[in-house]
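To start, the structure itself, in structure tokens.
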Amino acid sequence: MRKKSELPSKTCLCCGLPFAWRKKWERDWDQVKYCSERCRRSAPKAQEATR
């Protein structure tokens with residue numbers, strides 16, 4: 001088992017805060033861009049079009 005400090009992390013594109021890897025994101029960690037559902041919903045539509 002890994003320590004929480006050893007898990008990979010990213011910066012949220014919406015709020016700019018860092019967030020850590022979660023088990024539920026295991027299969028698609030490369031596609032995760034936002035720290036929460038709220039940030040994903042409030043992201044500008046211009047960024048959504050570039051996906």
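Everything quoted here is computed from the prediction, not taken from an experiment.
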For this session: Output yes when Lys23 and Glu26 qualify as a salt bridge under the 4.0 Å nitrogen-oxygen rule, no when they do not.
Result: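 A salt bridge links Lys23 with Glu26.
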
For this session: For Ser36, check side chain to side chain contact (heavy atoms under 4.5 Å, CB included) against everything at least two apart and list the hits.
Result: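 Once residues adjacent in sequence are excluded, the partners of Ser36 under the side chain to side chain contact (heavy atoms under 4.5 Å, CB included) criterion are Arg38, Cys39.
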
For this session: Quick one: list whatever passes side chain to side chain donor-acceptor pair (under 3.5 Å) with Lys24, sequence neighbours left out.
Result: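 Checked Lys24 against side chain to side chain donor-acceptor pair (under 3.5 Å); zero matches.
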
Exercise. Mind checking what makes side chain to side chain donor-acceptor pair (under 3.5 Å) contact with Glu37, not counting sequence neighbours?
Worked result: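 For Glu37, the residues satisfying side chain to side chain donor-acceptor pair (under 3.5 Å) (neighbours in sequence not counted) are Arg40.
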
Problem set entry | Nearest heavy atoms of Cys35 and Cys12, plus distance in Å |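 Where Cys35 meets Cys12 most closely, the heavy atoms are N-SG, 3.5 Å.
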
Exercise. Under a single-linkage rule joining Ile, Leu, Val, Met, Phe, Trp and Tyr whose side-chain heavy atoms are separated by less than 4.5 Å, which residues share a cluster with Val32?
Worked result: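 Taking Ile, Leu, Val, Met, Phe, Trp and Tyr as members, Val32 shares its hydrophobic cluster with Leu7, Phe19, Trp21, Trp25, Trp29.
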
Exercise. Just how far is it from atom CG of Leu17 to atom NZ of Lys10, taken to the nearest 0.5 Å?
Worked result: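 One gets 15.5 Å once the value is rounded to the nearest 0.5 Å.
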
